[in-house]
Amino acid sequence: MRARSRCAICAATPASYAWRAPTFSTRSRRHLHDDPRRERKELFVSETRATTMRTDMCGALRATDAGRTVSVCGWVARRREHGEHLAFIDLRDHTGLVQCVIHGDHDLRSEYVARITGVVRPRPEGTVNASLGTGDIEIQDCIVEILASAEPPPFPLDARADDVDENVRLRFRYLDLRRERLQRNLRARAAVNSAVRRAMERQGFAEVETPMLMPSTPEGAREFLVPSRKEPGSFYALPQSPQLFKQLLMVGGFDRYFQIARCLRDEDLRADRQYEFMQLDAEMSFVDQDDVLAAISEAVLDAAEAVTGERPDAIPRITWHEAMDRYGVDKPDLRFAMELTELTPIFAETGFKAFAGASSIKGIRVPGRAEEFGRSKLDALTDRAKKLGAKGLVWMRVAADGTLDSPVAKFLVEAEQQALRDALAAEPGDLLLVVADEWATSCEVLGHLRNDLGRPPVHKGPYKYVWVVDFPMFVGVSDAGIPKPGHHPFTRPHPDDIDKLESDPMNVRSRAYDLVLNGWELGSGSIRIHEPELQQRIFNLLGIAPDEAMKRFGFFLTPFRYGAPPHGGFAFGIDRLVAILAGEENIREVIAFPKTQSGTDPMTNSPTPVDAKQLLDLGLRVLPKVE
RNA sequence: GGUCCCGUGGUGCAGUUUGGAGUGCACGCCGCCCUGUCAAGGCGGAGGCCGCGGGUUCAAAUCCCGUCGGGACCGCCA
């Protein structure tokens, strides 16, 4: 046993895992740290997970094992029969495949579970399989024990199943899980959990569990409710996050808390959203933003390193305002340029009506794609822009001679056209898109178009982490003219803006921050308000009177009267981080038993109706369906 | 709540535009042959409520309406 920590994906030690060749096959789509081009002679130094039934793992055997008598256990991945005298069986466990040479008649079919005992020998000359990690050797003189027979699987348990209807994969999830892809993804997930836990412990965070059954606090996401049997008509809520409890842990003197916490939100599902998901949830006392960002960065970078083998650089920061200004979104994807360019001054004196008087004119340059955008695609882009809230979209194709091919070109004087080309660094063949509107609208519309036109799949290319800081305290106003909190109502205002709370609330920044990776929001956090007076000031702004605040948040507010430390925290989504690191575009691929977009589980058929007796015990009656 | 895409033997597809016999391909499955294969090969065979319901038609996988299921997105996710 080695003292150094192992790769939790493949159980190899750090010294070896960077050299580990794929042991399943070269057809698999993704490899994390595998590189089959490397030298293979010192490939694999693995713990053998020997048991009373086996001596070695299938995928771990190497030429250095030649001569050993071994026992391996696993599933029949493939068989190649040559009559009753000879057959090749590829036996699979989670470490990979090994070829077993079987003489005589054995009824070994797909997915039969078998124990095979034999002698490891180098393969005969000319039969080495370079695409297998175990391809230099095979197990000969085999004794075959069938441990379980199996019906043929409904889909092939290899890379071909990537194309199988996801509903079928989910119905037979336990079979899907046998595949290399899901084995790797879930082991990457385990590696992330482990690295995160170690990073937090190393930094002095204590792991504390918080309740799953808590009072309903209807702000924010829709909650799952759990009826109380003892008090019919009353309900628990499942936590959207441990937010309130973790702040109380700070009041309780824990100083540094973390938890890999299950969170539940009854909102519609997406590629990056499930009802239940896991967060690294953390909170710290006597800190400011820099402390929190540093601690969380440590966990994220450790997690990334554990999966990819490479530690990312320090995570850069960008303010919310700059993110909106340059990328038009609060979760910028920094893997590609196409930045929003400020054009307002160019058209200060313009005679073009759509631009004249607009408070913000911005544009993006879509390099080299003028050709591709004919009239119908440009009309579709314009529709898209309008749906996103713009009054319109000005498009221009840069012709070979540099002139602007656009229905509005005739409204722009030559100096304006030249300044526009210069500002956007336009080249012949480029498509230019311009929006003139309020600053926020111009940014948001172009930000969407930028993502639509330029964004690679989330898992492609380099990993670009970024902290987005200085979020606005309030976003928009309610119908009654009351500001709406951008993060949550316990978020601390930016210290430089506190004086403006009442006079200019919409321009108050908060001490709230997001972590973004490749355009996906990984998580968010904030420095909190720990003084009851400041908290009530915020509630006043939000139109919540003191008695109302006590009614809604009483159990949370009372503790702060007993001495709360300055504190702040963060939470990021484990599922999303793992998905990106594992090269997946959908978090269902990194969850063992996920639900479909409609919230059902094809394997267990949940949710299901329950017996009338159960409802009776809970004091519940189900209403008839409304037509 | 909304928009768009997809439902054809166990799996993946073609067929739908322009209606004409469940017509076809690949994999898998079952049987036989085969002593160096490796997503083995050869021969043979079985397997279909064309998601479901209704309509149009002499005739519907194909056209129309509805519905169910899956997926992507918008709303929503403090």
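Reminder, nothing fancy here: chain letters follow the sequence lines and each chain counts from 1. Heavy-atom basis, side chains included; hydrogens, waters and symmetry copies ignored. As the structure is a computational prediction, the values presented were derived from the model and not from experiment.
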Separation of atom CG in A:D272 from atom P in B:rC76, rounded to whole Å = 15 Å
With a 4.0 Å cut-off on heavy atoms, is A:P124 in touch with a base, just the backbone sugar-phosphate, or nothing at all?
-> base
Determine if A:H82 stacks with B:rG36; use a centre-to-centre distance below 5.5 Å and an interplanar angle below 30° as the criteria.
-> no
Counting any heavy atom closer than 4.0 Å, what does A:R270 reach on the DNA or RNA strands: base, sugar-phosphate only, or nothing?
-> base
Report which part of the nucleic acid A:R273 touches: base, sugar-phosphate, or nothing (heavy-atom distance under 4.0 Å, all strands).
-> base
Could you please name the option among B:rA40, B:rC76, B:rC38 that lies closest to any side-chain atom of A:E267?
-> B:rC76
Mind checking the C1' distance from B:rG22 to B:rC65? Whole angstroms is fine.
-> 25 Å
Using atom names, set out every protein N or O paired with an N or O of nucleotides 12-16 of chain B below 3.5 Å, distance rounded to 0.1 Å.
residue: B:rG12; atom: OP1; partner: A:D165; partner atom: N; Å: 2.6

Quick one: label A:T600 by what it contacts on the DNA or RNA (base, sugar-phosphate, nothing), any heavy atom closer than 4.0 Å.
-> sugar-phosphate
A:R160: salt bridge (Lys or Arg N to Asp or Glu O under 4.0 Å) partners, not counting sequence neighbours | A:D158
Please figure out whether A:R588 or A:E138 has its closest RNA chain B nucleotide nearer the 5' end.
-> A:E138
Heavy atoms under 4.0 Å, any strand shown: does A:G126 hit a base, just sugar-phosphate, or nothing?
-> nothing
Using a 4.0 Å heavy-atom cut-off across all strands, classify A:A161 as base, sugar-phosphate, or nothing.
-> nothing
To the nearest angstrom, the CG-C1' distance between A:N129 and B:rA40 comes to 12 Å
For B:rA40, does OP1 or OP2 lie under 4.0 Å from any side-chain N or O of A:R80?
-> yes
Within the structure shown, what part of the strands sits under 4.0 Å from A:N586 by heavy-atom distance: base, sugar-phosphate, or nothing?
-> sugar-phosphate
Cation-aromatic face contact A:R511/A:F471, 6.0 Å, 45 degrees | no
Donor-acceptor contacts under 3.5 Å from residues 539-552 of chain A side chains, at least two apart:
residue: A:N540; atom: OD1; partner: A:Q536; partner atom: NE2; Å: 2.9
residue: A:N540; atom: ND2; partner: A:Q536; partner atom: O; Å: 3.4
residue: A:E548; atom: OE2; partner: A:R552; partner atom: NH1; Å: 3.3
residue: A:R552; atom: NE; partner: A:E219; partner atom: OE2; Å: 2.7
residue: A:R552; atom: NH2; partner: A:E219; partner atom: OE2; Å: 2.5

Which part of the nucleic acid, if any, lies within reach of A:R169 when heavy atoms closer than 4.0 Å are counted: base, sugar-phosphate only, or nothing?
-> nothing
Have a look at A:T596 and say if it touches a base, only the backbone sugar-phosphate, or nothing, with a 4.0 Å heavy-atom cut-off.
-> sugar-phosphate
Quick one: salt bridge (Lys or Arg N to Asp or Glu O under 4.0 Å) partners of A:R588, sequence neighbours excluded?
-> A:E166
What are the residues of residues 377-386 of chain A, sorted by number, that bring a heavy atom to within less than 4.0 Å of RNA chain B?
-> none
OP1, OP2 of B:rG69 versus side-chain N and O of A:S598: anything below 4.0 Å?
-> no
Side chain A:R222, main chain A:D266, donor-acceptor under 3.5 Å | yes
Let me know the distance between CD of A:Q597 and P of B:rG1, rounded to the nearest Å.
-> 14 Å
Have a look at A:N167 and say if it touches a base, only the backbone sugar-phosphate, or nothing, with a 4.0 Å heavy-atom cut-off.
-> sugar-phosphate
Rounded distance in Å - CG (A:D176) to C1' (B:rG70) | 15 Å
When rounded to whole Å, the CG to C1' distance for the pair A:L388 and B:rC73 reads 12 Å
d(CD, A:Q274; P, B:rG70) in whole Å = 12 Å
Looking across every strand, which nucleic acid part, if any, lies under 4.0 Å from A:E81 by heavy atom: base, sugar-phosphate, or nothing?
-> base
Donor-acceptor pair, side chain of A:E585 and main chain of A:P457, under 3.5 angstrom | no
Is a donor on one side and an acceptor on the other found under 3.5 Å between the side chain of A:T604 and the backbone of A:S606?
-> yes
With the side chain defined as heavy atoms from C-beta on, A:R109 is closest, among B:rU35, B:rC30, B:rU37, to B:rC30
Rounded interatomic separation in angstrom, taking CG from A:L269 and C1' from B:rC73 | 14 Å
Sub-3.5 Å donor-acceptor pair from the side chain of A:Q289 to the main-chain atoms of A:S526, do we have one?
-> no
Between B:rA61 and B:rU18, how far apart are the C1' atoms? Round to whole Å, please.
-> 15 Å
Would you check if the side chain of A:T491 reaches a backbone N or O of A:H488 as a donor-acceptor pair within less than 3.5 Å?
-> yes
For A:P156 and A:D268, take the nucleotide of RNA chain B holding the closest heavy atom to each; which residue's nucleotide lies nearer the 5' end?
-> A:P156
Who passes salt bridge (Lys or Arg N to Asp or Glu O under 4.0 Å) against A:D575, sequence neighbours left out?
-> A:R189
Check: A:Q274 side chain, A:Q597 main-chain N or O, donor-acceptor pair, under 3.5 Å = no
Kindly say if A:R78 contacts the phosphate of B:rA40, meaning a side-chain N or O under 4.0 Å from OP1 or OP2.
-> yes
Any-strand Watson-Crick or G-U partner of B:rG41, both distances under 3.5 Å | B:rC33
Output yes if the stacking criterion (under 5.5 Å between centres, under 30° between planes) is met for A:F155 over the base of B:rU11, else no.
-> no
